[in-house]
Structure formats: C-alpha cells, structure tokens
Amino acid sequence: MTAKISITVTVNGTAQAADVEPRLLLADFLRENLDLTGTHVGCEHGICGACTVLMNGDSVRSCLTFAVQADGAEVETVESLGSIDELGPLQQAFREKHALQCGFCTPGMLMTATDMLRKYPLETDDDIRDGLSGNICRCTGYQNIVAAVRSAADKRDGK
Amino acid sequence: MKPAPFDYVRASSVEEAVAALAASNGDAKVLAGGQSLVPMLNFRVVDAPLFVDINGIEGLDLIEEKEDGGLRIGALTRHFALETSVSVRDRFPVLHEAMKHVAHLAIRNRGTIGGSLSHADPAAELPMMAVLLDAKIVAAGPDGEREIPAGDFFTAPLTTVLAPDEIVVAVDLPGLPAVTGWGFEEFAQRRGDFAVAGVAALVTREGGTVTNTRIALMGLHDTPVRARSAEAAFGESGIEAAAVAARQDADPMNDLHGSADYRRHLAEALTRRVLTAALERAAQ
Amino acid sequence: MSPPDDIDLTRPQFIGAKVMRREDPRLLAGEGNYVADIKRHGMLHIAFRRSDHAHALITNVDVSAAQAMEGVVAVYTGADITRLANPYQATSRMKNYQATFIPPLAVDKVRYVGEAVVAVVAISRYVAEDALALVELEYESLAVLVDPEEALKPDAPKLHDDLESNILAAREFARGEVAEAFADAAATAGGRFHFTRTTPVTIEARASVAEYDKGTRTLTLHCTTQIPGIVRDKLSEIFDLPGPRIRVIAPDVGGGFGGKTSLYSEEIVACAIARDLGKPVKWVSDRMEDLMTTGNAFDEIVDAEIAVAEDGRILGVKADVIGDVGAYSIYPWTATIEPVQVVSFLPGPYRIANYAARVRAVATNKTLTGAYRGVGRPISVFVMDRLLDMAARKIGMDPAEIRRRNLVNDDEFPYKAASGLVWDKSAFQACLREAADGIGYDELRREQAAARADGRWVGIGVACYAELTGVGSRIAVAPGMPINTGTETCNVAIDSTGAVTASFGLASQGQGMETTLAQVVAEELGVKVEDVDIVLGDTASVSHGTGTYASRGAVFGGGAGILAAKAVHEKIVRVAGHLLEAAVEDIETGNGDVRVKGTDKSMTIRDLARALYSDMGRVPKDMRDEIDNLEATKVYDPFFGTTTSASHMCLIEVDPETYKVEIKRYIVVEDCGRVINPLIADGQAHGGVAQGIGVALMEEVIHDKTGQVLTASLVDYVVPSAVEIPSIDVVHVEAELPGTVGGFRGLGEGGTIGAPACIANAISDALSPLGIEIMEIPATPERLFRLVEAAKAD
C-alpha cells in the first residue's frame, strides 16, 4: 500500500478535502468519493471522452488525470451546468435538438462543447464536428449533437 | 482498468524533479500531461513505484521568440498553447498546422511538448516536427543541462536517448530562412487518431531557386525521420522523383492500421502533396 | 360549457407529435441512474481474471496468494460457481442444432481469449485488479480454431467434447428450380462475400450490481440488460428461486444495440457471489473486457450467386453461408440467430421465385456472437444488393432501375418471400422512388459522369431492404428458441391519488420509450403526456415480459399500451357515466378530465379515482365490485409481426491516393408505419446509419492465428467520430398502416441493415472503371489499396 495524499479540490464551487491514493483517477474521485456520478467512465484510455470535465476551465479527460493532480484546482462537472429543474442553455439546446439518446456520452459531450464554445469561433458545422471528434456517441449519429452545439454557438454570437 | 499502486511526488523545480528521479535508481517515471502515459497505466502495461509530477514546475510553459526568428518552447507548454500561439503560427506555420491534427481538445489541453517528445511515438506529430525543424531538445539531469539535436534524440519506438534521471525542459526551434514554404499531410482513418502515415516538408527558395528542402516522415519508420533520399531527389529531379524516393526512406511496419506496403504508398502520395503545397507557398 | 378553446382535443393529439423527451432533463443534468452509479452500504467489487489462451486445458488454479491479499474478501473459481449455480444452455427445437453449456467461470477448459476463469471480490475495483495478478493459472494448450472453414472439417479438433462436431447448427432452404433458373440466365454474377466480425461498443459497458437479502431470501440484480424478463426467468432456474424472489432491474442503460440482449456469465457470477456472501457486489466491465466479451456480431462468409434475365428480372439466387459463431451457443438466442437470419432474409424485398441456400453455424475459439443491430440482415442486404449491382453491371442496367423491376409491387402483398417469410404491405417501391427523388438520383448520375471524366472516384450507392419487426408468437425471433418473444405485457393503473402509471416488460437503452409510450397511453386514455408515469425494465412490474430488442418496442409497447389503456378507459367511462349521470356513449376524456359531450358537466380523472377508491358512497358497491379498480393488464401478440422497409442512397468519393472514403450525401426513406415521435424516429435512423457506416468502413474485431484479440482497445477497434459521419436525410413514408394495434412498425435496426450494402455498392460503383467489386467489409483504406493495386496489376 502506498501512502495516501491529502488534497483539496474545488468541485463545482465547493472545496472538497480528501486523503486519496495517488493512483486514484479523477473520474473515480468524482464518482466514488464525491458521489458526482454525472461524470461517466467509458473507456479509461482517453478515446471515448465520456469522462470529460473542466479543470481550471480547460476540458480534460478525468480518466487520464489523477485526483492528486487536481489538488488546488477548480473542477467543473456536468452537475455545474444546470439542474433537472433548470437546465443550462447548452443542456437546453441538447434537449431541443434531441441530441441525446442513451445519455451516457452526454456529460462528456456537454463539457467538451462548453470548452469548445469558449475557445473556438466554430464558424462551420465541420468545425463543430472536428471539435467533437474526441467524444464518441453510438446512438445519435452526431447530427443532432452538431445541431445543438450550432444552436448554442449562434446564441453565443448573438445570432 | 485501474492503475497499479504507486507513490507520487510533485516537483516544484527541475532540480527537485531530477533529484527525485536520480534517487529512485532509474525506477521512477516522469508524469507530465499524462495523455499517453495514463492509458498505459490503466491498462497496466506500464507501472513504476514512483511518479514524479512535473506539472507544478514554474516557468516551463513559455513560448519565447528568439532573435534568429526561432522559438524556445518550454517543456510544459500544452498542445493547446502551441496550437493557438501567434508566434508559432507566424514563425512556424507548419507546426501550427500540425497541431490541429494532435488528438482532441481535451488531450491538447493537457498534453505537453516535453511529454510528447519524451514519449517518442513514431506516429505522433511533435517528434516529427522536432526532426523536421532541426530542433534542439534541452534536457536537464543531475549534471546540469545538455542539448540534443532532434535527429539524435529518438532511438526506437517509445525510446529516446534520455537517461532515466533526465527530463526535457525546453525545445529550441532555430528560425527558418525567409521564403520557406511548407506542407503537412497526415492520414488517419479517424480524426485525431495517431497517423497511419504523415509527411511534412519545408522548401526554401532564394531568387527562384530552391536552396533547401527538408522532408520528415511519421508513422513510416520506427522513429520520426528525415526523408534524405527524397530531399536529394527533389533537388535533383523534382516532386515526382522525391515522392518515389520517399518510399525508400520509409521503413514502415505492418500493424492493424496499415500494412507496410500501404504505408509506403502513402509516403509517396503524401510526399507529393506536401511538396506541391510547400513549393506553392514558397512561391508566394 | 364546452371544453376550453385553447386545448385541441382532436385526436391524434400526441401520436405523431415532436414531444421532447422526458428522460432528457435527468440525463442532461448528470442525474441519470446507471448501474455503475449504484452504491450500497458494504458493497464489494468484482474483477475477473480472464483467459489469455484461446483453447487450453486448465491444469492448475491457485488462488491462495490472491485470497491472502489485504482488501480481498473472497476468490471464486469455476468449481465454486458450479456449486452455487445450476448449469444452463440455450436449447432450441431446430433440427441439426447442438446446444453448448456455458460455464459462468471456465471449468477445466477455456475456449476463447477473455473467458472468465476466476472472480476476485475486494473492497474496491482497484484492489480487486491488484489481486488478479496473484492468481496462478496453468494451462495446457490445445489446437486453436480461428478459421471456421477449418473448424467445420470432420477431422477438426472439437471445442466441446460432448458434441458431434463444431457445427452447432445447419439448415437448408429451397424454393423453385434454381438450376434451371441459372441455365436460362442472361447473366450471372456472384462470388465470395465476407462480412467481418464486429462488436456493439455501447458507450456504457455492461455492469451488474447484485444484492441478496438474507431475511427475505430475495435476490436483486441491477443490470445493464435489454432483457430483464428473460434474465429473471433463467436466474430463477439457475438459482432455484421462485420469480418473486428474483428481481431484475435495468435502470438507465447507456445503449444496447443488441449487445445487452444476452444472459452473460458476469451477471450469474455476481448473483452467485452476492447470495453466497450475503453482501452487495458490483461488477463494471472495463472497455478491454467489453471488447473481448460482449457478444460479437456478424462474421459470415457467404458464397452467393444471382441469375438475371436480360430485362433485369431476378431468375434465381444461391447462397452458402458459414457463420463463425464463436465458442458457445449464446443464451437465449442460440448460435442460430445470426447465420440463419442471413439466409432467411437474403431474398429481401425482391421477387425471387428460385432460391437455394444452406447455412452452417460453426464454433471457433472466439468470443460468442450474439445479437447486434440488424442481426443477420446487414449481411443479407449486403450480399443481395451487391449481387443486384453486379448483375446490373453485367447487363448494362442502372442499379435503381434493376431494383424497381424486382421490388415486390404494391398489388402483390402479402408476399411470401422465397425463404418462407411473409411481407405484409409495405412501401417497397415508394421508398425507392422517394429516395431517388430526395437525393436527386438522375442529377447525381450526371455529376458522377463529369467527375469520372476528371479521374475522380465518385460512386452512388443504393440498397433496399425489408425486415420483420414486432415479431409475434407465430414466428420466434430465433428459430426453435424455448422462450416466448412473441408477446408483451402492459399494466395501466390509475391509483388512489389519481396518478396514471403504465408498466411494461420492455426496457429502454436510450430509445426514449418513457416518452413515446407515455404519448401512446396518454392519447388512448385522454390524459396529459406528462401525467403518465412509465415503468420499464423492472421484472417486479409485470408478470411476464422479455425486453427490448429486434425492433419490437414500438409495436409491442405501443400495442400493449393501447390495449391496456383502452380497458382502463372503459372503466373510467362507466364510473363517469354514473358520477356525471350520463350515458357512457356521451362520456369523453381529454386533458385529464372526463366530460359529458356537449354539456358543461365534467370532472377530473383524479376526482373520479377518489370517488371510486376513497369516498365510499359516491360509487355504489355493485359498480365497485364490477369495476374493481382503474387498472388493466393486457398482453399484446402481433402474431406475424409487420414489415418495415426502406431504401438507402448515398454519394461517396474515394480519395485516389489515400483511399479514404468520404460520404458526401446520405438519404434514408423508410416505411415504419405510424410514427409516434418524429424526433425519436429520425434519431433512430441517424444512429443506425452511423453504426452501419462504422461497419462498412472501419469496425472489425481481429483475432490473430492464436486467437488473441488484437482489437482490445478503442484505439484498435475504431468506431466513427462526428467527422466520419455525414448528415443524414430521413424521410418517413406512411403508405398504408399495418394491421398492428396502433399501426406501428418497428424501426430500431433499419439504419444498420441498409447502410453497409449502400456504402459497399457506392464504393464498387466508384471503382467500377477498375472492375472492382467490394466483396469484403469494412472497406478500409488498406483493403481498397490492395484491391486497386491488384486491379492495376491485371
């Protein structure tokens, strides 16, 4: 057994302190230690993107990040985007465009899209597809996800 | 797919990191962006008793413009920073283009140039760019820093000349001559995947004559390499000859994503494309 | 007082409407409840040590070191599970079928790489994985069979010593005079087709949480299954527990696509351990396990030939199918489901008088194959529609035209296909026509000619198919299966609070059935959609149900929902007649109210429920005795099922240097009967086509000669991203509604059935100047490169 390390991570605005094994993946820290099960684990090797969260504002794979590396960081998960009763604008766009079916890839899609919308102009739908290409969805064929992100980008741009 | 147990230390300086590595007698490994390392830990194909996390070291994430038109890039510079750097775009447009092909946003947010070079995947963009751009890789060890030409840095797939207690701290890209055109092409079946094959070229013209050509290959050899015979053939006989010669420069392997024959074919096809593009850009 | 003007009660009010999904808010907010999210006090975690041999005798198992590790609670071997669980197999009444026992943990012998051998139970998944390395296993290697053609030879080593051979099933079909048809042909075409092995890749991998309540001796399994009822029924036998003491719950499930329609070893092991230890246990498949163990799909070699007349009429078709079904015959579907469907659906929507086919399902040292979106039919359509294009090329006919000439015409229904299947009326010809109009077929042909003149490889693909959906009791989903997949149950109940609940034996994996079934029940009952609670995926809710698979949800759920809601509606009307002092014929419901037509007399259904259940005296005893409650359970059996048909068309371009295929246009025109919710129906087509594109261009499970799985990560098993999938146009043709209750046809699988053939045809069309026919998919750049190199060498 290796020594546990004390960390404090600010998750969705709340400081969370814990003693964790260095090997604990951020995804498992969020899901197991903090009960934030909205972050999903789909492949644990960085391909599917289901576990994507924001760390200090940047989208990261929480399956490729150790909880100890988030010590002192701000982490945002899907739970920060809105609630069942009051969905955030991106969540609302996903709902209106029927951009989810089984919902398992959805939290990762939402967090990736959040980062994309902050960082890229997303002038064309091809740009959106490119930005989403690290998140695998098996249900929707992507078309409605692209439409939802397009709708959010248009709103962002005041269109 | 959970990693085996390990100890963890967060280094706050290069010296601290090197000392921690040296103290482990070669068993410890460096954790930078982790985007290639952590999957291998999760699959348990790699493990180590100790990981030295260098993400907290200050001052290693800089992109500095040099007077020769080059850049010094700190080892902890994230791919996203390279992708969006105006200095990179203006001074090394070929690198700017290549960065768009590096995986996906969430990976680019974490992955570092030092990590990518140290990981030395022969199908990755940055090692190939280092070779193409004649980069000097600055490594720090117990005896201080040393500079390693990119051409000497990569020795085999996932293997470099770095000693177990050395870390990359910076990459120096010497400035390119004026009127240098570039081309970059990579082929992957799915967006953002490692390249089945990739080729990049730089063509320098002076007064209408091509004075220098550099061509580099990825996914086509057990390390990123310069395509020397293609470079020579281009100078002597032009694009077609260079494209054909690139097949000889390639020494690809067979794997699930492509046979050696197909990769050689791609070497030729992509060399044709990048030289055409580079020549065109050099003419502008 | 007449009903308020602002509420339109014209029916249909909800069916056909783009109702936003009720599942979405919780899934979007991260508040879904997937199996991996479930936590229980004292829960333990299971990890499996799996075989790294494809075929070997287990000569020694030593778990002592693993057992002794800190944090490990128990370790189970095959022998342990044999004591805790009765053996089971997938039986079938089909002739020439051999069932195999499927040991939940391997006993004595392993038969594929990834087969579970030892289960470690520990305080966390991390610790359980640590202990796996301490399990000591010794093997004695046996000859490995990875080539089904080798495995079917009489002298091949046998995977199962108790069976006669490795041929788990064999069947022949024949109609008409095939030899004569071929003798009379103007042209024949054909060859060997190979449809490689794939795997479903749900983004949520399989998972189980099993709990055993010692006090009530009740086993509860939360599981990612599509078939909770089938799992419950079999677990009852495996554990000698009566149905009420086994509850199988499928909560939010992250995609199924058929991969979650089988009973899996891990589910049985989890239950056995939970019962043995008296502790809740969890197993969550990691991606490597998923790629190695979830039911693989397809994997057939088909030698096929077509004979056509000069006018393009199909004279006859021959096919010989070898299905590589893997190491065991999967429960419940058996090893027959995939390869037998290939031959029974091969004649497709075409008029074929002479047909001869043979199929053999052959066991090999690979992962079991099971159901995956389309089951057999992606291969049938790939082969049949490739044959049509090959024949059309020989006689110089346009691919759309040869289909028009051979598709069953509207006046020929019901049509008995050459394999014996009967198509009820479906818009075969209209789908083809509208697809051609929608994509601008003639214009595309002109553009293609121009592009070809420029040396570009541009191709147009066409594929047509018909499938049986909502298959009732007349035909089993898989031939001879011992379970009934031909009925489904719905209970509609209005309780004493006035709330409506509709419970089904179906389960949802993302199809939006909480929404669509609420639409159907609300429509029939005359209440608001949001006031109908839908219960799915819980065996405690109905006495019999099997689940969601085989494009049956809309037909069975919609049908059973309508029947049950109708029965409750009748009760409402009778009680309302009394309470509102009107004749039952004059009572109508809508918006949650009951009214007397043309008057201002009305009451809420909620008040009516209170009157019946709670306010004694408002409803007389004799009426209460007769009505009992506002509840009804109905079972729907569509008997034959109904035909769903579609035409797919696409435009692709092959890069002549990299051989990458770009899909530039794609259209689906389908007749899926009455559409309950267009948003959801279109989404099913989008997703189905996307999976079909993956199958056509990139997805392939690859084994080496020793049976090792080379595609055990998503780096090597490549599924498409948003960049590789185009926008897809979907058009619904509601030509003539089928005879199913509600007029629904099934639609889940169609996209995946049509797309591989459509794309293979388009690539063949693009490469036709080189004489290349795509006979094997996925048509990866590597394969195209080799085909072009070979063509150039000729």
Side-chain angles (χ1 to χ4, degrees), chain A residues 1 21 23-24 28 31-32 35-45 47-48 50 77-79 81-85 87-88 90-92 94-98 100-108 110 125-126 128-146, chain C residues 18 20-21 23-34 36-37 39 70 124-126 200-205 252-257 284 286-288 508-512 679-680 682-691 693 713-715 719-728 751:
Chain A
M1 276 291 192
E21 273 192 275
R23 64 164 161 172
L24 182 68
D28 290 327
R31 293 177 49 80
E32 304 299 326
D35 271 338
L36 291 171
T37 52
T39 298
H40 295 157
V41 173
C43 76
E44 294 174 304
H45 56 286
I47 303 295
C48 81
T77 68
V78 67
E79 286 90 349
L81 298 182
S83 66
I84 289 192
D85 295 323
L87 295 175
L90 184 63
Q91 291 166 319
Q92 191 60 34
F94 267 60
R95 185 169 194 215
E96 282 163 11
K97 299 293 180 187
H98 184 36
L100 66 156
Q101 291 183 24
C102 81
F104 202 80
C105 75
T106 308
L110 289 168
D125 284 359
D126 281 349
I128 293 175
R129 288 181 179 274
D130 204 46
L132 294 171
S133 65
N135 290 67
I136 304 294
C137 169
R138 283 294 260 183
C139 295
T140 64
Y142 301 104
Q143 174 161 353
N144 291 344
I145 299 177
V146 174
Chain C
K18 289 184 177 179
M20 280 202 284
R21 301 199 327 164
E23 293 89 341
D24 289 357
R26 70 169 188 269
L27 301 180
L28 284 162
E31 301 288 350
N33 180 36
Y34 298 88
D37 301 341
K39 287 180 187 172
E70 192 188 336
S124 77
R125 173 73 183 223
Y126 286 77
V201 189
T202 51
I203 302 301
E204 180 206 40
D252 285 324
V253 172
F257 320 126
V284 179
D286 62 34
R287 188 54 64 185
M288 191 162 49
S508 187
Q509 304 83 42
Q511 299 91 337
L679 281 176
I680 288 174
D682 286 1
Q684 286 292 318
H686 297 162
V689 169
Q691 288 186 8
I693 289 170
S713 80
L714 291 180
V715 175
V719 298
S721 83
V723 173
E724 290 77 41
I725 302 298
S727 276
I728 295 150

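Model, not experiment: these values are computed from the prediction. Computed from heavy atoms alone, side chains included, the values below leave out hydrogens, waters and symmetry copies. In what follows, chains are A, B, ... by sequence order, proteins preceding strands, each numbered from 1.
- Contact of A/Leu24 with chain C is made through backbone and side chain together, with heavy-atom distances under 4.5 Å.
- Ranked by heavy-atom pairs shorter than 4.5 Å toward chain C, the options A/Gln92, A/Glu32, A/Arg31 are led by A/Arg31.
- Top candidate by heavy-atom pairs under 4.5 Å with chain C, chosen from A/Lys97, A/Gln91, A/Arg129, is A/Arg129.
- For chain A, the nearby parts of C/Glu204 are the backbone and the side chain; heavy atoms of each come within less than 4.5 Å.
- For C/Asp252, no part lies under 4.5 angstrom from a heavy atom of chain A.
- Residue contact with chain A, scored on non-hydrogen atoms closer than 4.5 Å, involves the backbone of C/Pro200 exclusively.
- In this structure, C/Arg125 and C/Asp286 have side chains that are in contact, with non-hydrogen atoms separated by less than 4.5 Å.
- Both the backbone and the side chain of C/Val719 come within less than 4.5 Å of a heavy atom of chain A.
- No other option in C/Glu23, C/Arg26, C/Lys18 has as many heavy-atom pairs under 4.5 Å with chain A as C/Arg26.
- Of the listed residues (C/Leu27, C/Leu28, C/Val201), the one with the most heavy-atom contacts under 4.5 Å to chain A is C/Leu28.
- By number of non-hydrogen pairs under 4.5 angstrom with chain C, the leading residue of A/Leu90, A/Thr106, A/Leu87, A/Leu132 is A/Leu87.
- Formation of a donor-acceptor pair under 3.5 Å by the C/Glu31 side chain with backbone atoms of A/Ile84 is not found in this model.
- Only the side chain of A/Gln143 comes within contact range of chain C, with at least one heavy atom under 4.5 Å from a heavy atom of that chain.
- Contact annotation for C/Ala685: neither backbone nor side-chain heavy atoms come within less than 4.5 Å of a heavy atom of chain A.
- Looking only at side-chain heavy atoms (C-beta outward), C/Arg287 and A/Glu44 stay at 4.5 Å or farther from each other.
- With a 4.5 Å cut-off on non-hydrogen atoms, A/Leu110 touches chain C through its side chain but not through its backbone.
- Remark: C/Met20 engages A/Arg95, A/Glu96 in a side-chain contact (heavy atoms from CB on, under 4.5 Å) (not counting sequence neighbours).
- By number of non-hydrogen pairs under 4.5 angstrom with chain C, the leading residue of A/Cys102, A/Cys139, A/Gly141 is A/Cys102.
- Between C/His686 and C/Ile725 there is no side-chain heavy-atom pair separated by less than 4.5 Å.
- Contact of A/Ile47 with chain C is made through the side chain alone, with heavy-atom distances under 4.5 Å.
- Here C/Ser721 is the residue among C/Gly751, C/Ser508, C/Ser721, C/Gly688 with the most heavy-atom pairs under 4.5 Å with chain A.
- Comparing A/Asp130, A/Ile128, A/Asp35 by heavy-atom pairs within less than 4.5 Å of chain C, the highest count is held by A/Asp35.
- When the ring-ring contact (aromatic ring centres under 6.0 Å, His included) test is applied to C/Tyr126, no partner is found at least two apart in sequence or on another chain.
- Neither the backbone nor the side chain of C/Glu724 comes within less than 4.5 Å of any heavy atom of chain A.
- A/Tyr142 contributes a side-chain N or O that, together with a main-chain N or O of C/Pro720, makes up a donor-acceptor pair within less than 3.5 Å.
- Of the two parts of C/Ile693, neither the backbone nor the side chain holds a non-hydrogen atom closer than 4.5 Å to a non-hydrogen atom of chain A.
- Between the side chain of C/Gln691 and the backbone N or O of A/Arg138, at least one donor-acceptor pair lies under 3.5 Å.
- Aromatic ring pairs are classed by plane angle as parallel below 30°, tilted from 30° to 60° and perpendicular above 60°; the pair A/His40 and A/Phe104 is parallel.
- For the set C/Asp682, C/Val689, C/Thr202, C/Val715, the entry with the most heavy-atom pairs within less than 4.5 Å of chain A is C/Val715.
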